[in-house]
A.B. asks: 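One structure is given below, represented as structure tokens, and several questions about it will come after.
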Amino acid sequence: MIKFIEKQSNLRLLLIVLFIAITLRILALILVIKFDFAMNLIAPDTYNYLERAVDLINNGWHEVVIWFKSGYAVTIYPLILAFLLKYIIGMNYSPDQLIFYHAMINSIWAGLACLCIYYSIMLASNKNKSLSFITSMLIAVYPEYILWNSYVLKETMSFFAMSLGIYGIYRIINSKQIKNLLFNLFLLFLILFINLSIRQVNVQILLATCALIAIIMIYNW
């Protein structure tokens with residue numbers, strides 16, 4: 001099995017992971033909607049975000065400033081819900097519609113997170129395809145992560161941002177030239193800003209991850 005994986009190209013392995021990750025989530029979405037679990041799949045804090053999204057649609061973009069001043073629901077998540085409600089679902093939405101469109105977008109975030117994990121392990125393991133493929137596949141089929149996809153909450157998007165941050169950290173570690181190092185540092189700061197806009201604690205976790213990786217590298221050195 002390992003020899004078979006090593007013979008495959010990165011593109012083929014990534015396409016396999018991407019296909020499995022997205023397909024499983026779409027199948028899970030169809031299952032929960034068919035059996036009318038929809039009303040239980042809207043997380044309690046989603047109503048707060050939806051309220052902010054409606055305020056944004058009705059009152060304009062200056063609402064974002066009010067959010068930041070009030071410290072309430074200060075993330076990019078209400079902006080995404082506002083986009084869905086205004087341009088895709090419509091203001092007279094049903095819970096099923098909200099869950100369906102939100103979960104379809106979540107499926108894409110989940111697939112992209114698996115790709116980030118794949119490349120992170122590749123950089124961390126000196127291009128071990130087997131380890132990278134198996135790790136990303138485990139994340140693609142992890143039951144709880146599949147279930148998150150159907151809930152109207154930001155965890156799947158947050159997980160993608162976190163996986164992107166880990167990839168950014170390993171890009172810095174593997175930088176060979178000053179120009180590459182500076183460019184990767186810029187990318188990491190951009191990724192940290194994205195994580196900050198989704199959930200502030202993500203930045204703290206990523207910084208702690210940087211410290212842990214540094215300690216491991218110093219110990220091995």
Side-chain angles (χ1 to χ4, degrees), residues 5 8-47 49-50 53 75-90 93-122 129-168 191 194-195 197-199 201-202 205-206:
I5 294 174
Q8 306 304 310
S9 65
N10 285 324
L11 179 59
R12 181 173 295 181
L13 294 175
L14 289 173
L15 288 176
I16 292 172
V17 173
L18 192 64
F19 175 78
I20 291 176
I22 293 179
T23 301
L24 285 178
R25 282 155 180 78
I26 292 176
L27 290 175
L29 170 64
I30 294 172
L31 180 66
V32 298
I33 290 181
K34 182 177 180 179
F35 286 94
D36 199 24
F37 299 151
M39 291 303 295
N40 297 322
L41 292 175
I42 298 179
D45 56 347
T46 301
Y47 292 105
Y49 293 122
L50 283 169
T75 72
I76 200 174
Y77 190 59
L79 302 181
I80 294 175
L81 288 177
F83 177 83
L84 284 175
L85 293 179
K86 186 171 184 179
Y87 298 107
I88 299 178
I89 305 174
Y93 64 89
S94 67
D96 285 359
Q97 287 177 307
L98 182 64
I99 290 168
F100 176 80
Y101 287 105
H102 191 273
M104 291 297 290
I105 294 174
N106 272 352
S107 299
I108 298 174
W109 290 125
L112 293 176
C114 291
L115 301 190
C116 291
I117 294 298
Y118 179 89
Y119 279 115
S120 297
I121 301 298
M122 283 284 283
K129 286 184 182 180
S130 300
L131 181 61
S132 303
F133 177 74
I134 293 172
T135 303
S136 57
M137 185 63 73
L138 288 173
I139 294 172
V141 301
Y142 188 67
E144 186 175 5
Y145 190 26
I146 293 176
L147 181 62
W148 281 354
N149 180 75
S150 298
Y151 280 84
V152 182
L153 76 175
K154 59 188 177 183
E155 261 57 33
T156 302
M157 181 174 64
S158 179
F159 186 81
F160 162 71
M162 291 287 287
S163 65
L164 190 62
I166 295 172
Y167 175 61
I191 292 169
I194 293 172
N195 276 275
S197 67
I198 295 174
R199 178 170 286 171
V201 72
N202 286 7
I205 295 173
L206 285 173

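Numbers for residues simply follow the sequence, beginning at 1. Owing to the predicted nature of the structure, the values given are computational and were not obtained by experimental measurement.
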A.B. asks: I need the S158 OG to I76 CD1 distance, nearest 0.5 Å.
C.D. replies: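 Answer for the OG-CD1 pair, S158 versus I76, is 12.0 Å.
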A.B. asks: Mind listing the closest non-hydrogen atom pair of C114 and S136 along with its distance?
C.D. replies: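 Nearest heavy atoms, C114 then S136: O-CB, 3.6 Å.
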A.B. asks: Please name all residues satisfying ring-ring contact (aromatic ring centres under 6.0 Å, His included) with F160, sequence neighbours left out, ordered by chain then number.
C.D. replies: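 Counting only residues at least two positions away or on another chain, F160 forms a ring-ring contact (aromatic ring centres under 6.0 Å, His included) with W109.
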A.B. asks: If the condition is side chain to side chain donor-acceptor pair (under 3.5 Å), which residues does S130 pass it with, not counting sequence neighbours?
C.D. replies: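 If we apply the side chain to side chain donor-acceptor pair (under 3.5 Å) test to S130, skipping adjacent residues, the hits are E6.
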A.B. asks: Under the side chain to side chain donor-acceptor pair (under 3.5 Å) rule, collect the residues that match up with Y119, sequence neighbours excluded.
C.D. replies: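 For Y119 there are no side chain to side chain donor-acceptor pair (under 3.5 Å) partners, ignoring immediate neighbours.
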A.B. asks: Which residues pass the side chain to side chain donor-acceptor pair (under 3.5 Å) test with N195, sequence neighbours left out?
C.D. replies: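 For N195 the side chain to side chain donor-acceptor pair (under 3.5 Å) partners, ignoring immediate neighbours, are N202.
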A.B. asks: Can you name the residues that form a side chain to side chain donor-acceptor pair (under 3.5 Å) with S107, not counting sequence neighbours?
C.D. replies: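 Testing S107 for side chain to side chain donor-acceptor pair (under 3.5 Å), a comparison that skips the adjacent residues, returns N149.
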A.B. asks: Taking all non-hydrogen atoms of both residues into account, name the closest pair between S163 and S120 and its distance.
C.D. replies: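 Smallest heavy-atom distance, with atoms named: O-OG, 4.1 Å.
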A.B. asks: Which residue pairs satisfy the salt bridge (Lys or Arg N to Asp or Glu O under 4.0 Å) criterion with at least one member in residues 153-167, sequence neighbours excluded?
C.D. replies: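 Checked against salt bridge (Lys or Arg N to Asp or Glu O under 4.0 Å) - neighbours excluded - the pairs reaching residues 153-167 are E155-R199.
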A.B. asks: Report the residues that fulfil side-chain contact (heavy atoms from CB on, under 4.5 Å) with A28, sequence neighbours left out, ordered by chain and then residue number.
C.D. replies: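 For A28, the residues satisfying side-chain contact (heavy atoms from CB on, under 4.5 Å) (neighbours in sequence not counted) are I146.
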A.B. asks: Working to the nearest 0.5 Å, report the span between CG of L206 and CG of L164.
C.D. replies: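 The CG atom of L164 is 9.0 Å from CG of L206, to the nearest 0.5 Å.
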A.B. asks: In Å, rounded to the nearest 0.5 Å, how long is the span from CD1 of I117 to CE of M162?
C.D. replies: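 Between I117 CD1 and M162 CE, I get 9.5 Å after rounding to 0.5 Å.
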A.B. asks: With rounding to the nearest 0.5 angstrom, report the CE to CD1 distance, M157 to I194.
C.D. replies: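 Result: 11.0 Å between the selected atoms.
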A.B. asks: List, one per line, each side-chain donor-acceptor pair under 3.5 Å for residues 8-26, sequence neighbours excluded.
C.D. replies:
{"from": "Q8", "atom 1": "OE1", "to": "R12", "atom 2": "NH1", "distance (Å)": "2.9"}
{"from": "Q8", "atom 1": "NE2", "to": "F4", "atom 2": "O", "distance (Å)": "3.2"}
{"from": "S9", "atom 1": "OG", "to": "R12", "atom 2": "N", "distance (Å)": "3.3"}
{"from": "N10", "atom 1": "OD1", "to": "Y118", "atom 2": "OH", "distance (Å)": "2.7"}
{"from": "T23", "atom 1": "OG1", "to": "F19", "atom 2": "O", "distance (Å)": "2.6"}
{"from": "R25", "atom 1": "NH1", "to": "A21", "atom 2": "O", "distance (Å)": "2.8"}
{"from": "R25", "atom 1": "NH1", "to": "A140", "atom 2": "O", "distance (Å)": "2.8"}
{"from": "R25", "atom 1": "NH2", "to": "A140", "atom 2": "O", "distance (Å)": "3.4"}

A.B. asks: To the nearest 0.5 Å, tell me how far H102 NE2 sits from L29 CG.
C.D. replies: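 One finds 11.5 Å between NE2 of H102 and CG of L29.
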A.B. asks: Sequence neighbours left out, what passes ring-ring contact (aromatic ring centres under 6.0 Å, His included) with F83? Give chain and number order.
C.D. replies: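 By the ring-ring contact (aromatic ring centres under 6.0 Å, His included) rule, F83 matches Y87.
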A.B. asks: What distance separates N106 CG from Y145 OH, expressed to the nearest 0.5 Å?
C.D. replies: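 It is 8.0 Å, given to the nearest 0.5 Å.
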A.B. asks: Using the ring-ring contact (aromatic ring centres under 6.0 Å, His included) criterion, which residues pair with F100? Sequence neighbours excluded.
C.D. replies: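 Testing F100 for ring-ring contact (aromatic ring centres under 6.0 Å, His included), a comparison that skips the adjacent residues, returns none.
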A.B. asks: What pair of heavy atoms forms the shortest contact from I191 to A161, and how long is it?
C.D. replies: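 Result for this residue pair: CG2-O, 4.1 Å.
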A.B. asks: Applying ring-ring contact (aromatic ring centres under 6.0 Å, His included), can you list everything that pairs with Y167, at least two apart in sequence or on another chain?
C.D. replies: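 Y167 satisfies ring-ring contact (aromatic ring centres under 6.0 Å, His included) with no other residue.
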A.B. asks: Would you please test V152 and L50 for side chain to side chain contact (heavy atoms under 4.5 Å, CB included) and show each step?
C.D. replies: CA-CA 10 Å; V152 182; L50 283 169; 5.8 Å; no
